[in-house]
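Working notes, beginning with the structure itself.
Residue numbers start from 1 in every chain, and the chains themselves are labelled A, B, ... in the order their sequence lines are given, proteins ahead of strands.
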Protein chains: 2
Amino acid sequence: MKNIILDERAKRVLWAVVESYIEKPEPVGSRYIMKKYGFDVCSATIRNIMSDLEDEGFLFQPHTSAGRVPTDLAYRFYVDYIFEEVLKFRSAEVKKIIENLTKKLRKLRNNMNSLFLETTQNLSQATKYLGLALLPETDKTALHRIDFIKFREDSVIAIVVNDKGIVKNKIIRAIPEITQHELNSLADFVNSNYHGKAFDEIREDLLRRLKKEKIYWDKIISKILKICQQALYFSREDLYISGLYNLMYLPDFCDVEKLRQIAKTIQNRHLLIKLFENISDDEEIKIIIGEENPFEELRNLSVIASPYKERGKSLGIIALVGPKRMNYERAIMFVNAFAKSLTNTLSE
Amino acid sequence: MKNIILDERAKRVLWAVVESYIEKPEPVGSRYIMKKYGFDVCSATIRNIMSDLEDEGFLFQPHTSAGRVPTDLAYRFYVDYIFEEVLKFRSAEVKKIIENLTKKLRKLRNNMNSLFLETTQNLSQATKYLGLALLPETDKTALHRIDFIKFREDSVIAIVVNDKGIVKNKIIRAIPEITQHELNSLADFVNSNYHGKAFDEIREDLLRRLKKEKIYWDKIISKILKICQQALYFSREDLYISGLYNLMYLPDFCDVEKLRQIAKTIQNRHLLIKLFENISDDEEIKIIIGEENPFEELRNLSVIASPYKERGKSLGIIALVGPKRMNYERAIMFVNAFAKSLTNTLSE
DNA sequence: TTTAGCACTCCTTATTTTAAAGTGCTAACA
DNA sequence: TGTTAGCACTTTAAAATAAGGAGTGCTAAA
């Protein structure tokens with residue numbers, strides 16, 4: 001992106017156009033801007049400025065003789081502009097949201113399922129956008145306990161509880177010779193050696209041990225440990241999604257084709273998970289506007305995401321998905337507050 | 001419903017109108033019916049018949065000088081009419097679907113999650129309607145194994161595996177004094193006494209035992225057994241839903257308001273679960289057309305549902321939800337075939 | 001550099017027109 | 001008595017036309 005220098009007045013105009021369009025999704029005219037935002041130059045001047053802004057790629061004219069509509073670049077400008085302000089000047093408001101929510105979530109502290117369901121539902125309710133939460137990546141959490149249960153002839157159900165209290169189970173095909181007794185020993189072995197250790201570490205250590213102790217060639221044990229390896233590997237699949245129909249009531253998706261498109265996109269959990277996996281943890285709040293999105297299907301939407309943490313370590317992500325013409329101020333505020341609340345709750 | 005006697009010709013006309021409307025959602029005219037369905041009377045005669053059918057409540061005219069549209073009563077007539085035929089004359093086709101699907105599902109036999117996901121997805125894919133499956137009611141299944149895991153100070157995670165290999169977990173608040181050791185004893189006790197027994201029986205028996213052995217007043221044991229009671233009670237919440245956007249591409253839901261409505265309705269899992277819970281198991285295939293539905297929100301839709309079984313005992317339900325103007329023939333055929341496949345798979 | 005003024009463009013909405021589909025009725029017919 | 005041919009009448013959907021309005025771009029003057 002080339003670095004464009006806009007004078008102060010041009011910035012004010014741009015800001016006003018975006019603000020106005022977010023408020024009401026209609027092309028914005030020069031006279032309207034002048035009056036509504038108290039400019040003391042006449043509309044023709046505003047017109048010139050808007051024309052310049054269009055040349056610079058910030059505004060777009062649906063047709064000659066129509067007002068202007070912000071481009072993605074304009075939203076980006078707007079967001080960068082208000083971002084600091086939101087967090088600074090609305091901190092009291094944020095604090096209050098955090099307090100109330102934390103109080104609510106505290107009760108669900110031990111039940112991750114309810115905790116995240118409640119979070120996404122509230123997030124969507126508060127903003128009327130789509131609320132999302134990606135559960136902590138199991139691989140990065142620690143083992144609380146594992147159990148193996150023989151099921152029918154040739155299967156083993158592995159039940160893994162991590163230190164967040166999330167229970168996962170996996171059905172593993174196994175040779176019929178394995179007995180429940182052997183499985184119990186295996187569980188005991190893993191539980192006593194690896195309780196509290198991260199899953200990726202455990203898998204590595206198991207592999208090391210296998211090689212070192214030369215039991216690699218003992219068929220049965222090797223098979224058992226392979227079960228274990230399988231049981232301890234998790235793909236990321238726990239995404240909570242709330243409030244699709246909230247999106248469907250927005251004026252931005254007011255025709256049949258758009259509604260179908262959005263329902264199809266949001267139904268695609270896989271895509272959303274991939275999106276959130278790729279968001280780095282180092283930013284407090286990540287904002288992806290329209291075309292900035294790596295995924296084609298999401299390019300007419302904006303995403304506000306923030307990691308939630310436990311003792312400074314990022315666990316997962318909560319996010320809002322809404323139209324590009326989003327109330328960014330409110331959205332940022334809420335995502336921020338909700339992520340903080342979740343962090344508080346999990347760190348208690 | 002009053003019992004109306006239609007002569008053979010009137011029935012043929014009614015049938016033709018419904019068939020035609022299902023094929024293309026446009027009011028059906030008398031001339032069209034005459035030509036397309038090979039009546040050898042002239043259109044005026046058909047017109048008279050259609051007028052009679054309207055008086056009887058089978059047809060509806062959007063406005064004078066428009067063709068006729070079937071009412072719910074007409075669909076009901078149509079379905080009753082073709083029902084037997086479908087199962088009889090298309091049994092070869094059904095057989096083939098069952099064979100193919102059973103082959104596919106067999107591999108997922110031990111993994112209920114995948115099994116039902118695959119089923120609903122295929123069902124929706126094949127019909128372009130909404131595919132649904134209600135998991136076996138846990139209460140009616142049998143205990144395979146239970147485990148209690150102490151989690152943090154004041155919680156216990158109960159992990160229950162039933163005889164279908166479905167794993168459920170529950171977080172239970174408990175007094176901090178309980179140790180993992182005690183919980184293990186409890187699990188051992190339950191597993192050795194109740195393995196293979198139905199959950200509702202187990203709960204009852206536990207209660208009886210409590211009273212008989214006069215340990216009711218021992219606080220600790222009483223508390224532990226209460227945990228157990230809680231762990232063994234399940235509300236029905238596992239509903240698989242696939243293909244919402246398939247519905248959204250149908251001409252029946254071609255305007256914004258209808259799309260919003262349907263998304264909102266389908267998102268309401270609770271409602272759908274209630275609907276399916278109330279469907280009795282004794283019918284092979286239950287068809288609910290429009291106004292027949294007990295729930296207001298579903299009255300512009302039709303539902304085709306069928307229980308799947310294990311050794312003759314009904315476990316749960318699979319279903320299709322689509323527009324009233326549904327291809328009932330195809331829908332009935334597929335629901336029937338899919339339920340049978342599932343039954344085969346589970347009974348193997 | 002800014003402003004007033006004005007012609008021009010394009011969209012939106014309402015109105016009218018036209019064509020087509022289909023009915024309902026009447027009178028004749030078998 | 002049921003069926004048919006014929007025709008006037010409704011109503012809608014689509015196309016054409018007209019009116020209104022919002023907003024621009026440009027020019028010339030301040």
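Regarding E26(B), its CD atom lies at a distance of 11 Å from the C1' atom of dA21(C), rounded to whole Å. Between the CE atom of M34(A) and the C1' atom of dA22(D) there is a distance of 15 Å, rounded to whole Å. Separating the OH atom of Y32(B) from the P atom of dA21(C) is a distance of 13 Å, rounded to the nearest angstrom. The distance from atom CZ of F39(A) to atom C1' of dT3(C) is 17 Å, rounded to the nearest whole Å. Between H63(B) atom NE2 and dT11(D) atom P there is a gap of 9 Å when expressed in whole angstrom units. For the pair R9(A) CZ and dT1(C) P, the computed distance is 10 Å after rounding to whole Å. dG2(D) atom P lies 12 Å from atom CD1 of I49(B), rounded to whole Å. In this entry the distance linking CG of L59(B) with P of dG22(C) reads 15 Å, nearest Å.
Regarding contacts with the backbone of dA21(C), every side-chain N or O of S65(B) stays at 4.0 angstrom or more from both OP1 and OP2. Under 4.0 angstrom from either OP1 or OP2 of dT23(C) there lies at least one side-chain N or O belonging to S30(B).
Using modelled atom types, no side-chain atom of S20(A) and backbone atom of A16(A) make a donor-acceptor pair closer than 3.5 Å.
Residues M333(A) and V94(A) come closest through the heavy atom pair CG-CG2, 3.3 Å. The minimum heavy-atom distance between S302(A) and K324(A), with the atom names listed, is OG-CA, 3.5 Å.
The existence of a salt bridge linking K11(A) and D7(A) is excluded, since no basic side-chain nitrogen approaches an acidic carboxylate oxygen closer than 4.0 Å. With respect to E85(B) and R90(B), no salt bridge is recorded, no charged nitrogen being found less than 4.0 Å from a carboxylate O. The pair E257(A)-R260(A) meets the salt-bridge criterion, since a charged nitrogen lies less than 4.0 angstrom from a carboxylate oxygen.
With axes fitted over five pairs at each extremity, the angle between the ends of the helix from dT1(C)-dA30(D) to dA30(C)-dT1(D) is 20° (10° resolution).
Of the listed residues (T119(B), N122(B), T120(B)), just one forms a side-chain hydrogen bond (donor to acceptor under 3.5 Å, both in side chains) with S242(B), and that residue is T120(B).
When only modelled atom types and interatomic distance are considered, Y78(B) and E19(B) share a side-chain donor-acceptor pair under 3.5 Å.
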With 3.5 Å as the limit, what N/O pairs link the protein to nucleotides 24-28 of chain C?
from	atom 1	to	atom 2	distance (Å)
dG24(C)	OP1	R68(B)	NH2	3.4
dG24(C)	N7	R47(B)	NE	3.0
dG24(C)	O6	R47(B)	NH2	3.2

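Two residues, D40(B) and P62(B), neighbour DNA chain D, and the one matched to the more 5' nucleotide by heavy-atom proximity is D40(B).
Under a cut-off of 6.0 angstrom, the local environment of NE2 in H63(B) is crowded, with over 12 non-hydrogen atoms contributed by other residues, nucleotides or ligands.
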